[in-house]
Amino acid sequence: MAELTKVFLDEDEIPTHWYNIAADFPNPAPPHLHPGTQQPLQPDDLAPLFPAGLIEQELSTQRWIEIPDEVRDIYRLWRPSPLHRARRLERALGTTARIYYKYEGESPVGSHKTNSAVPQAYYNREAGRMRLTTETGAGQWGSALAFATQIFGQSCEVWQVRNTYESKPYRRMLMETYGATVTPSPSELTAAGRALRERFPDTPGSLGMAISEAVEVAAGDPDASYALGSVLNHVALHQSVIGQEAIKQLAKFGEQAPDFLFACAGGGSNLAGISFPFLRENIEGRMNVDVVACEPAAAPSLTEGEYRYDFGDSSQMTPLLKMYTLGADFVPDPVHAGGLRYHGMAPLVSHAYHEGLLRAIAIKQREAFAAGVEFARAEGIVPASESNHAIAGALRQAKQAAQDGTSPVILIGVSGSGQLDLPAYSEFLAGNMLDA
Ligand SMILES: *Cc1c(COP(=O)(O)O)cnc(C)c1O
């Protein structure tokens, strides 16, 4: 029999529970704080923004949290996602490494974001909250929430960073196709947006600004909720289906464990999702996986940020989160093509990094796109611009293995498809991409 190239699991092998790493940290993660009192956040503090089911998950230290049947049933539309052995890439690189990639680009919107959008819409519907607001950068999260809310009959209002609203119109069209309303941020519709426009008339916008607007609207309507696509604990939790599936699939390839795991890190959710189930194996002494967060050199929160309490948004309305941060008023350079431009890093990922459970590297965008092109030409899949950072990290390791004559097992989290990022590829191929 020919050697396996990809492993799908059966639908009944979709995980039944989300995995919560907070239960297994050798030292507990610092709590979120109330911005006024500086005391650990209480469930009621979050009630204006989130439904009870998500608040419970946000503050939970329970190891396994059952996935509701209705959510698991919707997951069947794209889960389990495939795990591929990148044989053609290995050959193209001339590496002795065995390279695997877990591909989240087959979800309806082309990224891992639906893994959290669906449960978030579900718990809001359970609480009778039928109006959701959110922010989006490149549009992946906005389109995931637009998709999820229409399943549950909710309305969805998206504030999209102005720069990408203008430069990436296709995702706006996708959000509108799912029935969402999309507004460029900062806008005139909110007090936060108006204040930001007065202070920074020509601003390209930022995720922090868009969050301020979405939070303001949700906080002002008791029937509305705010939804965040990354950073928070409950989002990391939902994404844990990725790593749980990958562990089973690697076993079907006959691999005990990866030696290295590379995932890109913007707010940290896909990295958390693929790596935390492996970190559990590390903590329990069953594996020794070297987990590497690959962040963009243009927004290097782990490698150059400070580990401290900071706000999640520019207008200082969110709870205080202990995280690696570049500062809540950080505005990334709009020339950067990758969508990984948030100022902070998920508190759970930040804690894992601080505790030495994972490491981080920063990658410039030309190296990332060169890796993405190499990957596309060998494997056929054009990766999302964010995912290219993970691939670039893995290629460094694979080339090192070829030099050293070692045969490590390398697992890459390919968080999404790059079909809507083709203008950035085109800029790279034309030699016009700045090396930021
Ligand atoms: C949103 C997104 C990211 C970055 O967010 P994380 O929370 O760091 O995962 C990465 N890849 C893709 C495809 C995305 O859509």
Side-chain angles (χ1 to χ4, degrees), residues 78 81 101-117 120 134-147 158 160-161 164 168 171 174-175 207 210-211 227-243 262-276 291-296 298-302 312 323-324 332 336-350 352-353 358 360 363 365 368 372 375 381-393 412-421 424:
W78 70 97
S81 69
Y101 61 97
K102 179 76 168 154
Y103 184 51
E104 292 296 312
E106 290 183 11
S107 90
V109 305
S111 77
H112 67 291
K113 297 273 187 349
T114 43
N115 298 332
S116 186
Q120 290 195 43
T134 196
E135 77 296 329
T136 198
Q140 290 111 325
W141 168 245
S143 45
L145 193 70
F147 159 73
V158 182
Q160 182 168 22
V161 176
T164 46
K168 298 191 172 177
R171 285 202 212 273
L174 186 59
M175 291 185 261
L207 280 175
I211 292 173
L228 188 60
S230 185
V231 181
L232 294 179
N233 300 351
H234 65 268
V235 186
L237 184 80
H238 300 155
Q239 295 296 348
S240 68
V241 291
I242 305 173
F262 292 88
C264 66
S269 75
N270 88 89
L271 166 73
I274 193 167
S275 72
F276 286 179
V291 174
V292 187
C294 303
E295 57 181 13
S301 51
L302 287 175
M323 61 184 176
Y324 282 86
H336 196 263
L340 307 166
R341 292 182 286 180
Y342 188 62
H343 65 272
M345 184 56 62
L348 290 173
V349 170
S350 292
Y353 181 66
L358 54 84
I363 292 187
Q365 62 178 348
F375 186 92
I381 288 170
V382 179
S385 54
E386 297 87 353
S387 314
N388 285 344
H389 295 75
I391 295 168
I412 314 172
V414 177
S415 50
S417 155
Q419 297 264 347
L420 291 183
D421 298 329

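Counting starts at 1 for both ligands and their atoms, following the listed order. What's counted below: heavy atoms across the whole structure, side chains too, no hydrogens, waters or symmetry copies. These numbers come from a predicted model, not from an experiment.
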Could you tell me whether some N/O pair between [X] and ligand 1 is separated by less than 3.5 angstrom?
X: Ser387; result: no
X: Gly267; result: yes
X: Ala384; result: no
X: Gly416; result: no

>> Taking side chain to side chain contact (heavy atoms under 4.5 Å, CB included) as the definition, give me every residue that meets it alongside Ala384, ordered by chain and number, with sequence neighbours left out.
In response: Glu386, Ser387, Asp421

Would you mind telling me if ligand 1 is within reach of the side chain of [X], the backbone, both or neither, using heavy atoms under 4.0 Å?
X: Ala265; result: backbone
X: Glu104; result: neither
X: Ser415; result: both
X: Ser269; result: both

> Can any side-chain N or O of Ser350 pair as donor or acceptor with the backbone N or O of Met345 at less than 3.5 Å?
Replying inline: yes

>> Quick one: does any side-chain atom of Lys102 pair with a main-chain N or O of Gly243 as donor and acceptor, under 3.5 Å?
In response: no

Are side-chain N/O atoms of [X] and [Y] paired as donor and acceptor at under 3.5 Å?
X: Thr134; Y: Trp141; result: yes
X: Ser107; Y: His112; result: no
X: Gln140; Y: Ser111; result: no
X: Asn115; Y: Glu104; result: yes

For [X], the ligand 1 atoms whose distance to one of its heavy atoms is below 4.0 Å:
X: His112; answer: 2 (C), 3 (C), 9 (O), 10 (C), 11 (N), 12 (C), 14 (C)
X: Ser230; answer: 6 (P), 7 (O)
X: Ser111; answer: 13 (C), 15 (O)
X: Gly266; answer: 8 (O)

> Gln120 and Val235: side chain to side chain contact (heavy atoms under 4.5 Å, CB included), yes or no, with the steps?
Replying inline: CA-CA 9 Å; Gln120 290 195 43; Val235 186; 3.7 Å; yes

>> My understanding is that we take every heavy atom of each candidate and find the minimum distance to atom 2 (C) of ligand 1. Doing that for His389, Gln140, Glu386, Lys113, which one comes out nearest?
In response: Lys113

>> Using the side chain to side chain donor-acceptor pair (under 3.5 Å) criterion, which residues pair with His343? Sequence neighbours excluded.
In response: none

> Applying a strict 4.0 Å limit to heavy atoms, is Gln239 in contact with ligand 1?
Replying inline: no

